[in-house]
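Remember, it's a predicted structure, so these values are computed and weren't measured experimentally. Quick note: numbers below take in every heavy atom, side chains included, and nothing from hydrogens, waters or symmetry partners.
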Amino acid sequence: MEEIIVVVADASHEKYVDTILETITAAAKVRGTGIAKRTHEYVATKMREGKAVIALCGEEFAGFSYIETWGNKHYVTTSGLIVSPNYRNKGVAKHIKDMTFTLARTRWPNAKIFSLTSGSAVMKMNTHLGYMPVTFSDLTDDEAFWRGCEGCVNVDVLKRTERKYCICTGMLYDPEEHHNEPLPAELPKDIKDRLRKIDI
């Protein structure tokens, strides 16, 4: 088997968007859990903006995740983590999670990073990185973020509880509590240079 590489996505990876969306939808059906639906253009934009990570084995899609900022960049989420069925149980998810976390910490070092998840594997990875379980009131109050939950099958629970809790667990990484900790992955210099240009 060829080596699986995990890189910050760019416009050249847009050809994988439909496969990514299909894989996310299929995984949600199998698990019977909710998922915030994203459009083709939304995911493609994340790639162009340097806010996505993709795993590839040769030319074959292996996994994906993206990041997004909320509340004037005071909060960042790492979202949409998915691994193709052909590449599960090979450590791909952890490599992607480490890379999206590094990407978020590099671009917005003072932002709090949070995650909403119903998956035990993601909770375990988050805990390893220093996330703590929190109430939803500790997360962003940016309405644009919460609108993303509208496509989830469990959104009625969120609304019924006035956004106090849902099926997902809220987890938060506060950089104030993790001074001088090393990042779990390294971004190549050319990626760092590219991201600086994007952020100008």
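Contact check for D98 versus L129: side-chain heavy atoms found under the 4.5 Å cut-off. Using a 4.5 Å cut-off on side-chain heavy atoms (C-beta onward), I24 and I20 make contact. Counting only heavy atoms from C-beta outward, the side chains of I4 and L56 never approach each other to under 4.5 Å. Inter-residue side-chain proximity for T23 and P85 is flagged as met; some heavy-atom pair is nearer than 4.5 Å. Counting only heavy atoms from C-beta outward, the side chains of M132 and M171 never approach each other to under 4.5 Å. L195 is listed as a side-chain neighbour of R107, based on a closest heavy-atom distance under 4.5 Å. Side-chain contact check for Y66 versus K51: every heavy-atom pair is 4.5 Å or farther apart. Inter-residue side-chain proximity for L139 and V134 is flagged as met; some heavy-atom pair is nearer than 4.5 Å.
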Step by step, would you call T140 with K112 a side chain to side chain contact (heavy atoms under 4.5 Å, CB included)? CA-CA 9 Å; T140 183; K112 294 179 180 180; over 6 Å; no
Pair Y131, L172 - check side chain to side chain contact (heavy atoms under 4.5 Å, CB included), show working. CA-CA 5 Å; Y131 288 69; L172 185 75; 5.6 Å; no
Checking side chain to side chain contact (heavy atoms under 4.5 Å, CB included) for the pair Y42/T45: CA distance, chi angles, key distance, verdict? CA-CA 5 Å; Y42 184 91; T45 299; 5.9 Å; no
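Y173 and H178 have parallel rings, their planes meeting at less than 30° on a 0 to 90° scale where 60° marks the start of perpendicular. Taking the six-membered ring where tryptophan is involved, the planes of F114 and F145 are perpendicular, since the angle between them exceeds 60° and thus also 30°.
Both I5 and I54 belong to a single network of hydrophobic side chains, linked directly or stepwise wherever heavy atoms of I, L, V, M, F, W or Y lie under 4.5 Å apart. V157 is not connected to F136 by any chain of hydrophobic side-chain contacts under 4.5 Å among Ile, Leu, Val, Met, Phe, Trp and Tyr, and they are in different clusters. In this structure, L116 is not a member of the same hydrophobic cluster as V155, with clusters built from ILVMFWY side-chain heavy atoms closer than 4.5 Å. Under a hydrophobic clustering in which Ile, Leu, Val, Met, Phe, Trp and Tyr are joined whenever their side-chain heavy atoms come within less than 4.5 Å, directly or via other members, Y75 and L103 fall into different clusters.
If you check the side chains of N110 and K73, you find no donor sitting under 3.5 Å from an acceptor. Looking only at atom types and distance, the side chain of K97 has a donor-acceptor partner in the side chain of T78 under 3.5 Å away. Using modelled atom types, one finds a donor on one side chain and an acceptor on the other under 3.5 Å when comparing N86 with E60. In this structure, a donor-acceptor pair under 3.5 Å is present between the side chains of S137 and T135. No donor-acceptor contact under 3.5 angstrom links the side chains of T102 and R105, judged on distance only. In summary, the side chains of W108 and T69 do not present any donor paired with an acceptor at a separation below 3.5 Å, with no hydrogens or angles considered.
For the atom pair OH of Y16 and CE of M47, the computed distance is 9.5 Å after rounding to the nearest 0.5 Å. The distance from the CD atom of E14 to the NZ atom of K46 is 12.0 Å, given to the nearest 0.5 Å. Distance check, rounded to the nearest 0.5 Å: NE2 of H40 to CZ of R38 gives 15.5 Å. Atom CZ in R160 sits 9.5 Å away from atom CG in N154 (nearest 0.5 Å). Taken from NZ in K124 to OG1 in T117, the straight-line distance is 14.0 Å, to the nearest 0.5 Å. Going from atom CE of M123 over to atom OG1 of T127 covers 8.5 Å, rounded to the nearest 0.5 Å.
Between the side chain of H95 and the main chain of V92, no donor-acceptor pair closer than 3.5 Å is present. Looking at S84, its side chain never comes within 3.5 Å of a backbone N or O of Y87 through a donor-acceptor pair. Side chain of W70 to backbone of W146: no donor-acceptor contact under 3.5 angstrom is found. A donor-acceptor pair under 3.5 Å is formed between the side chain of T161 and the backbone N or O of L158.
Evaluation of the side chain to side chain donor-acceptor pair (under 3.5 Å) rule for D190 yields no partner, not counting sequence neighbours. Partners of H74 under the ring-ring contact (aromatic ring centres under 6.0 Å, His included) rule, at least two apart in sequence or in another chain, do not exist in this structure. Evaluation of the side chain to side chain donor-acceptor pair (under 3.5 Å) rule for D142 yields no partner, not counting sequence neighbours.
Here E41 pairs with R48 in a salt bridge; the nearest charged N to carboxylate O distance falls below 4.0 Å. Between K159 and E150, at least one side-chain nitrogen of the basic residue sits less than 4.0 Å from a carboxylate oxygen of the acidic one, meeting the salt-bridge criterion.
Residue P109 comes nearest to P175 through the heavy atom pair O-CB, 3.6 Å, listed as atom of the first residue, atom of the second, then distance.
Considering V53, V122, T100 in turn, V122 is the only one that fulfils the side-chain contact (heavy atoms from CB on, under 4.5 Å) rule with L81.
D156 CG: more than 12 foreign heavy atoms inside a 6.0 Å radius. Around the CD atom of E176, the shell of radius 6.0 Å holds no more than 12 heavy atoms that belong to other residues, nucleotides or ligands.
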